[in-house]
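Let me begin by presenting the structure, written as structure tokens, before commenting on it.
Here the structure is a predicted model, which means the values were calculated and not measured. First the proteins, then the strands, lettered A, B, ... as listed; each starts at 1.
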Protein chains: 2
Amino acid sequence: MSFSRNTRQRDAVRQAFEQSDRPLSPEEVLSLASEFAPGLGIATVYRNLKGLLAEDWLAPVALVGDAPRYERSGKHHHHHFHCSRCDKVYELEGCPEGINRLVPRGFKVEAHHLVLNGTCRSCVRP
Amino acid sequence: MSFSRNTRQRDAVRQAFEQSDRPLSPEEVLSLASEFAPGLGIATVYRNLKGLLAEDWLAPVALVGDAPRYERSGKHHHHHFHCSRCDKVYELEGCPEGINRLVPRGFKVEAHHLVLNGTCRSCVRP
DNA sequence: ATCTCTGCAAATGTTTTGCATCAGC
DNA sequence: GCTGATGCAAAACATTTGCAGAGAT
């Protein structure tokens with residue numbers, strides 16, 4: 001095992017996520033974290049994303065037809081809403097019942113991811 | 001509007017999906033469809049995937065930490081299980097209750113996607 | 001005969017890696 | 001001072017596009 005050093009850049013990436021209430025793409029992380037660590041490079045963003053995913057500080061969010069986003073893990077359990085008009089991703093509270101009923105015998109479930117697609121409030125009434 | 005011609009290659013791509021009971025990646029499509037259309041190029045696969053998505057013959061499946069897959073749309077409503085050991089994607093019957101309860105007021109839901117992650121039966125007992 | 005589709009190769013866009021240097025510890 | 005982390009540039013992938021020629025209608 002190796003330790004991770006606490007660099008200015010890694011802190012900046014973490015801050016980007018702490019300050020944001022929605023999942024971020026690598027480019028968004030670069031632009032947000034650059035304020036705290038000027039000169040930050042995209043390669044460093046990717047390296048830190050990978051590291052923070054490995055230590056489970058971040059979790060990936062998969063979206064249909066769009067690049068993956070990342071968000072702080074360890075929050076309370078929640079799901080997502082992906083607006084097809086503005087592409088924003090919102091967090092949803094709660095979790096539907098009966099997910100375990102879908103699991104075939106012999107399969108072992110460790111996690112689940114639910115994404116609702118549609119139009120968000122801002123886009124419905126502009 | 002323009003019409004799509006019925007080429008050997010397009011048929012081959014469609015056949016790949018008809019013969020498969022699970023979502024496919026572009027590379028998998030290339031290798032399966034090549035049997036019906038020798039010499040098939042990856043660019044043609046991508047062009048046909050795009051076309052078949054546009055005419056709603058195919059639907060994309062987003063996976064956490066893995067490239068997107070595609071499957072025939074128009075099947076009965078179902079969800080997916082993604083095995084983190086062998087990376088296969090299975091179809092699940094049924095749909096959990098109460099998804100609409102998660103939707104904030106003013107949001108309009110058009111679709112939802114649920115993916116369970118874990119270990120499939122073949123990988124649990126090898 | 002027309003005009004779309006194909007294969008190839010080049011172009012793009014995204015993510016990863018090699019390497020010299022920098023900076024935490 | 002040691003060693004992991006960074007920035008840059010190049011490399012590796014994945015996907016898209018331009019173009020000349022093949023093939024569907």
Legend entry - Polar contact flag, side-chain donor to acceptor under 3.5 angstrom, Glu71(A)-His80(A):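 Present: a donor and an acceptor within the cut-off.
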
Legend entry - His76(A) and Glu93(A) side chains, donor-acceptor separation under 3.5 Å: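 Note: Glu93(A) and His76(A) side chains meet the donor-acceptor criterion.
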
What is the distance, rounded to the nearest whole Å, between atom [atom1] of [X] and atom [atom2] of [N]?
X: Lys50(A); N: dG4(D); atom1: NZ; atom2: P; value: 17 Å
X: Leu40(B); N: dC5(C); atom1: CG; atom2: P; value: 15 Å
X: Ile42(A); N: dT6(D); atom1: CD1; atom2: C1'; value: 14 Å
X: Arg14(B); N: dC5(C); atom1: CZ; atom2: C1'; value: 13 Å
X: Arg10(B); N: dG23(D); atom1: CZ; atom2: C1'; value: 15 Å
X: Arg69(B); N: dA14(D); atom1: CZ; atom2: C1'; value: 14 Å
X: Asn48(B); N: dT4(C); atom1: CG; atom2: P; value: 15 Å
X: Tyr70(A); N: dT14(C); atom1: OH; atom2: C1'; value: 11 Å

Legend entry - Partner set under salt bridge (charged side-chain N to carboxylate O under 4.0 Å, His left out) for Arg69(A), not counting sequence neighbours: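 Result, salt bridge (charged side-chain N to carboxylate O under 4.0 Å, His left out) vs Arg69(A): Asp66(A).
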
Inset, instruction - Verify ring-ring contact (aromatic ring centres under 6.0 Å, His included) between Phe17(B) and Tyr70(B), making sure each step is shown before the conclusion. - result: CA-CA 9 Å; Phe17(B) 284 101; Tyr70(B) 302 90; 7.4 Å; no

Inset, instruction - Before accepting this row, confirm whether a basic side-chain N of the pair Glu18(A)/Lys75(A) lies closer than 4.0 Å to the acidic partner's carboxylate O. - result: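 No salt bridge links Glu18(A) with Lys75(A).
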
Legend entry - Heavy-atom closest contact (Ala59(A) atom, Ser73(A) atom, distance):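 Of all heavy-atom pairs spanning Ala59(A) and Ser73(A), the closest is CB-CB, 3.8 Å.
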
Could you write out each protein N or O paired with an N or O of nucleotides 23-25 of chain C at a distance under 3.5 Å?
unit_1: dG24(C); atom_1: N2; unit_2: Arg5(A); atom_2: NH2; d: 3.0
unit_1: dC25(C); atom_1: OP1; unit_2: Asn6(A); atom_2: N; d: 3.1

Inset, instruction - For DNA chain D, find the residues of residues 53-60 of chain A with a heavy-atom distance under 4.0 Å and give them by number; none if there aren't any. - result: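 Listed by number, there are none.
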
Legend entry - Intermediate values then yes/no, ring-ring contact (aromatic ring centres under 6.0 Å, His included), His112(A) and His77(A): CA-CA 10 Å; His112(A) 65 262; His77(A) 182 68; 4.9 Å; yes

Inset, instruction - Go through the N and O atoms of the side chain of Arg47(A) and the base of dG4(D), and report whether any donor-acceptor pair is under 3.5 Å. - result: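 No pair found.
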
Inset, instruction - Ignoring backbone atoms, test whether Gln9(A) places a side-chain nitrogen or oxygen under 4.0 Å from the OP1 or OP2 oxygen of dG7(D). - result: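 Yes, because at least one side-chain N or O of Gln9(A) sits under 4.0 Å from OP1 or OP2 of dG7(D).
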
Inset, instruction - Count the heavy atoms of every other residue, nucleotide or ligand shown that sit under 6.0 Å from CD of Glu97(A), and state whether that count exceeds 12. - result: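 Atom CD in Glu97(A) is not packed in, count stays at 12 or less.
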
Legend entry - Over 12 non-hydrogen atoms of neighbours within 6.0 angstrom of CZ in Arg101(A):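 No.
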
Legend entry - Side chain of Ala43(A) - closest among dT16(D), dT16(C), dT6(D):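 It is dT16(C).
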
